[in-house]
Amino acid sequence: MGYWLMKSEPSEFSIDDLRNEARRTTHWDGIRNYQARNMMRDEMQKGDLVLFYHSNCDPPGVVGIAEVVREAYPDHTAFDPDDKHYDPKSDPDAPRWFMVDVRYRKKLRRCIPLHELKAHSQGKLQGFPLLRKGNRLSIMPVTKAQWDFIVGLE
DNA sequence: GCCAACGTTGGC
DNA sequence: GCCAACGTTGGC
């Protein structure tokens with residue numbers, strides 16, 4: 001089983017929004033970064049667990065846990081000229097962008113803020129992509145050890 | 001609101 | 001294929 005971290009701006013889509021979805025499930029559309037796409041398309045598997053991370057807010061941090069419930073399939077929002085994430089270069093016959101479905105599992109009892117994770121950047125979380133300078137990936141892999149440590153901070 | 005970091009685009 | 005310009009991300 002794999003472990004991931006997925007970022008979302010709570011003003012756009014928060015952990016509470018996910019919980020309020022029908023079947024507590026959403027499709028993770030709008031990813032327009034090749035590295036993130038490749039991980040979704042090639043590596044994410046049904047049953048993988050996801051740290052739900054709130055970015056661009058105060059404080060940014062890990063707020064909950066979700067689960068991959070459907071593996072990658074074409075992101076239809078790329079075909080829609082009216083969509084914010086429209087990409088004319090993605091063709092339904094040769095889709096460029098993909099998404100997965102994720103389901104709400106739980107909220108952490110407290111947000112684990114980024115600054116707290118950073119305190120372990122030389123220790124248990126050494127090399128964790130989120131903590132790398134300039135990191136802008138909205139989806140990143142998490143090792144089992146990193147997962148256990150972060151969830152253990154709750 | 002600022003700005004560093006980084007990805008993408010497009011002219012050449 | 002290089003690289004300057006531009007756009008975006010996201011912490012602060």
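All chains are named by letter (A, B, ...) in the order of the sequence lines, taking the proteins before the strands, and each is independently numbered beginning at 1. Since we're looking at a predicted model, the values are computed, not measured.
Checked against the 6.0 Å centroid threshold, A:Y34 and A:W97 count as a close aromatic pair.
As a whole-Å value, the separation of A:I139 CD1 from B:dG7 C1' is 16 Å. In this structure, A:R132 atom CZ and C:dG10 atom P are separated by 14 Å, rounded to whole Å. In this structure, NZ of A:K118 is placed 8 Å from P of C:dG11, rounded to the nearest angstrom. Regarding A:R96, its CZ atom lies at a distance of 17 Å from the P atom of B:dG7, rounded to whole Å. Atom C1' of nucleotide B:dA4 and atom CZ of A:R136 are separated by 10 Å, given to the nearest angstrom. What separates CG of A:L137 from C1' of B:dG7 is a distance of 11 Å, to the nearest Å. One can place CG of A:D87 at 13 Å from P of C:dT8, the figure rounded to the nearest angstrom. Taking atom CG of A:N135 as the reference point, atom C1' of C:dG11 lies 11 Å away to the nearest angstrom.
Put simply, A:M6 and A:M99 are part of two different groups of oily side chains (I, L, V, M, F, W, Y) that touch within less than 4.5 Å, one to the next.
Taking a cutoff of 4.0 Å between a charged side-chain nitrogen and a carboxylate oxygen, A:K46 and A:E71 do not qualify as a salt bridge.
In this structure, A:Y53 does not reach the C:dT9 phosphate: none of its side-chain N or O atoms is under 4.0 Å from OP1 or OP2. Taking side-chain N and O atoms only, A:K133 has a distance below 4.0 Å to OP1 or OP2 of B:dA5. At B:dT9, one or more side-chain N or O atoms of A:K89 fall inside 4.0 Å of OP1 or OP2 (strictly under the cut-off). Residue A:K7 has no polar side-chain atom (N or O) positioned under 4.0 Å from OP1 or OP2 of C:dG11.
Judged by closest nucleotide on DNA chain B, A:N56 is the one of A:Q35 and A:N56 placed further toward the 5' end.
Here the rule is side-chain contact (heavy atoms from CB on, under 4.5 Å) with A:Y53, and of A:L130, A:V63, A:I112, A:I139 only A:L130 fits it.
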